[in-house]
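Let me begin by presenting the structure, written as structure tokens, before commenting on it.
Model, not experiment: these values are computed from the prediction. Note that the numbering runs from 1 along the sequence shown for the chain.
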Amino acid sequence: MALILLAIHPLTSNGQQFPQAEQLATALTEAAAAIPAGNIYLQTDRGVYEPGEDLWFNARLLNAQHFVWYTTDQTLYVKLTKAGSDSTVWQQLYLVSNGASSGHIYLDGSLTAGDYWLKAYSAHSFTAGPAPFYALRKVHIIKDSYSLPRASGNISLQPETNDSVQLQTFTEGGTFISGLKNHIAFNATTSSGVPVQITGTLLKDGKPLQHIETTHLGMGSFDLIPQQGATYTIQAGDKLIPLPKAADTGIVMHVQPAGPDSISIKITASAGMAAQRIYISSQIRGLMQAAATALLKDSLLVRLPVGGSPGGIAAITLFDQQLKPLAKRLVFVHPDKKLNIHLQLPEQHYFTRKKVSLVIKTTNEKGNPVPARLSLKVFYNAYDNNDGKHIDDHYLLTSQLRTRIDDPGYYFDEKNKDRLAALDLLLLTRQQNSYLWSDQRQANPDTRSVITDSIAGNLSFQGRGNKSHSSPNLLFVFNAAEKNNTLLSTDSAGHFFLDPAILASGNRLYIKYPGQSKQPFTMTVTDPFAAITVAEKNKTPYYPPALKRIKTADTAIIFNRFSKTLAGVEISAKGAKTAWPKYLGKLDSIAKLEGPADYVGACGLLNCPACGGGTKPVEGKEYSEYIGNRRQEIVSHPFAFTADEVKKVKYHYPTFTEEQLLKKFNLAVAGGYYISPQFDQSNNGPDFRKTLAWIPDITTDENGEATVSFYCSDVYGRFQVSVEGVSEQGLIGKGVEYVEVSQ
């Protein structure tokens, strides 16, 4: 066996350059260019809500490769949809500042119970092609606090009645060679993909060879040296699953668990194979980390350096001298390279209404303090939907794979002693082409942006062949308070753009064409959410699936602690109408004053044909009105009419639609950035807050420290204190503590 030590790209051997290595690096770079540059992680103040409550969210936009703040995008498009339908219950624009955005969503009291999807999009995280979609968060809405589920225990790994079990096998590297030691993983699931626990037997030519069983979420592995011509099957219950036929000759690659400095890779060729040059590379999120080349005769032990590599999934690929992949493997490196968030509470138990002071400290994997940007939420623990999605597993695992990942948080919870072995097993059962950054690129990926930071509009004049004026036109843009007036110019084709500076001037913006034109014109503003909806149809959303859990006996939660809150109160007024937005209400009043041309003649008749004019009618007053068909004949008083030519009417001003008002006053309307209210953590008066604190942006100082405080409410029980964040160097981390609040 030969040993290759730390050969770094660009590849050389005995002073000789290998141009194939540069081709390899180019291919990986091109593959990375097809991936959206930004990666959004969504966090909410809790996972379960009741109708009529406030939902607070935070969006982090990181560079998809380096995990540093992605500051290019300035506009975040957010919508909330009902799961399983096309129903959108909320959509707004929010400002992105230095890679982060936070905001508020009001959950209407009429929302039905069930699951909803919170989704976020930005210019460089959402493209037109069929790239996977990860920027979503599941929100569960319940009727009331009595609808909360019982506390849950372990994940059920038993299939439902009559649900068949599927078993897939995966040979490490993708090769299965006779006479060589092969490492084989397997994955047992139901027909719907839910993991199940199984035991079974590996058979050789129908005879038992060894016992096998799953070790974590339906996954397991075993070693096998297949004999040429033998048939191997796995028997699990009444199912027989054949292994693929072993090739007579070939190459096997075995990757040992990554150490702090290097990845050890054993490469073995079948006896008698001619020596050949091989290449081996390691890349993380499309970034080339290390590579080596050598002549393979019988076996090699290659050690690729990872000391300076970031943490995450590394794709190891073995190539022949024509750069054709021979074997592939995913392995997780540097699980310890993370942001450690330490939460220090002076006490673990508090009384209602008491103040809590929290000290937050952030360090790197070496224990050295590092500054970091964090977010904090403190919420009633029963309102956690336990979906297993957190900032670390999002960035380091789930958003890196095009595949289902069950309970991803398990692999990042240090309380689980087998988590790293389970993580390696997970990656063994995922083919490398499921890796987002795989060198197996899609043909002609569509990387066009669906949305931009600005909202587009158009002013077009009819006539002259329906062409717009060739010269620019001036427009005024202002908010509902008629403030922050901005002068805007169209281009020669009538196009204009509302940039982030304009969008920041109000929730609702009005664009006015002040010019005079004898030609009819139209002014339109593009709806960016329409383009998002179209592009979404080409994408596959990936989110940790809900796993059935075994209910813990006798743990029903009695929520009489919320019984003081008012429920089912509805205030209504007879004859109430939907109120106009403030500025449109003003326009509606002006429109009514300016018209219509109704009048009350001197004789007191409404729209009297003989008077031809008069005073304006009074809203709600009763008048007699001539309704006959002889108006052209009646030119003076007196005139005769029959009883059926006059009727009594109660006068009402005409009702205008929004479209009519906008057209009448040469206006178009657009949505600006939603201005969220401030989270209220005061405890004045009765206080039944389930979320005690929501601070979306906290920065620790050069010593890695920050201090925050919040007040307990009148609600007692267990509260979760959760902090997530990112360091300046792209380290990802979370910290969780719990406090008990008593009456």
Next item on the list: Test side chain to side chain contact (heavy atoms under 4.5 Å, CB included) on Ile313 and Leu397 and set out the steps.
Entry: CA-CA 7 Å; Ile313 298 174; Leu397 183 61; 4.0 Å; yes

Check: On the ring face of Phe710, is Arg689 found with NZ or CZ under 6.0 Å from the centre and within 45° of the axis?
Finding: no

Check: Does a side-chain heavy-atom distance below 4.5 Å link Leu42 with Val78?
Finding: no

Check: Which pairs count as ring pair (Phe, Tyr, Trp, His ring centres under 6.0 Å) when at least one residue sits in residues 77-100, sequence neighbours excluded?
Finding: Phe57-Tyr94, Tyr77-Phe529, Trp90-Tyr674, Tyr94-Tyr674

Margin query: A cation-pi test, strictly: NZ or CZ of Lys539 under 6.0 Å from the centre of the six-membered ring of Phe126 and no more than 45 degrees from its axis. Yes or no?
Written below: yes

Check: Salt bridge between Lys354 and Glu347, side-chain N to carboxylate O under 4.0 Å?
Finding: no

Check: Under 3.5 Å, is there a donor-acceptor pair between the side chain of Lys338 and the main chain of Gly311?
Finding: no

Check: Just by distance, with hydrogens left out, do Asp392 and Tyr41 show a side-chain donor and acceptor under 3.5 Å apart?
Finding: no

Check: Taking the side chain from Tyr380 and the backbone from Tyr716, do they hold a donor-acceptor pair closer than 3.5 Å?
Finding: yes

Item checked: Given Thr691, Leu692, Leu376, Asn58, the one that forms side-chain contact (heavy atoms from CB on, under 4.5 Å) with Asp45 -> Thr691

Checklist line | Single hit among Arg46, Lys690, Gln720 for side chain to side chain donor-acceptor pair (under 3.5 Å) with Asn381 | finding: Gln720

Note to self: Would the distance check show the side chain of Ser722 and the main-chain N or O of Lys377 forming a donor-acceptor pair, the cut-off being under 3.5 Å?
What the structure shows: no

Check: Going by the salt bridge (Lys or Arg N to Asp or Glu O under 4.0 Å) test, which pairs reach into residues 132-146, not counting sequence neighbours?
Finding: Arg137-Asp387

Next item on the list: Examine the side chains of Glu50 and Tyr383 and answer whether a donor and an acceptor come within less than 3.5 Å of each other.
Entry: yes

Check: Is the shortest side-chain N to carboxylate O distance from Asp413 to Arg419 below 4.0 Å?
Finding: no

Note to self: Under 4.0 Å between a side-chain nitrogen and a carboxylate oxygen: does that hold for Glu724 and Lys734?
What the structure shows: no

Notebook entry, point to check: Is Leu118 close to Ile105 at the side-chain level, that is, under 4.5 Å between some pair of heavy atoms?
Noted result: yes

Check: Does a donor on one side chain and an acceptor on the other come within less than 3.5 Å for Ser309 and Lys337?
Finding: no

Next item on the list: Apply the test side chain to side chain contact (heavy atoms under 4.5 Å, CB included) to residues Tyr116 and Leu111: give CA-CA distance (whole Å), side-chain angles for both, the deciding distance (0.1 Å), then the verdict.
Entry: CA-CA 10 Å; Tyr116 290 76; Leu111 290 181; 3.9 Å; yes

Check: Is His334 reaching over with its side chain to a backbone N or O of Val306, donor-acceptor style, under 3.5 angstrom?
Finding: yes

Notebook entry, point to check: So, the side chain of Gln289 versus the backbone of Leu287: is there a donor-acceptor pair under 3.5 Å, distance only?
Noted result: yes

Note to self: Please check this pair: side chain of Arg402 against backbone of Tyr435, looking for a donor-acceptor N/O pair closer than 3.5 Å.
What the structure shows: yes

Notebook entry, point to check: Does Gly307 offer a backbone N or O that forms a donor-acceptor pair with the side chain of Asp261 under 3.5 Å?
Noted result: no

Check: For the side chain of Asn507 and the backbone of Ile675, is there at least one donor-acceptor N/O pair under 3.5 Å apart?
Finding: yes

Checklist line | Test log, rule side chain to side chain contact (heavy atoms under 4.5 Å, CB included), inputs Ile40 and Lys119 | finding: CA-CA 10 Å; Ile40 294 177; Lys119 305 176 183 179; over 6 Å; no

Notebook entry, point to check: What pairs meet the side-chain hydrogen bond (donor to acceptor under 3.5 Å, both in side chains) rule with one or both residues in residues 59-72, with sequence neighbours excluded?
Noted result: Arg60-Ser375

Item checked: Short side-chain to backbone donor-acceptor contact, Asp418 and Ala422, under 3.5 Å -> no

Margin query: Any side-chain to backbone donor/acceptor pair from Ser101 onto Leu95? Under 3.5 Å, distance only.
Written below: yes

Notebook entry, point to check: With a 3.5 Å cut-off and no angle check, do the side chains of Thr75 and Tyr673 form a donor-acceptor pair?
Noted result: yes

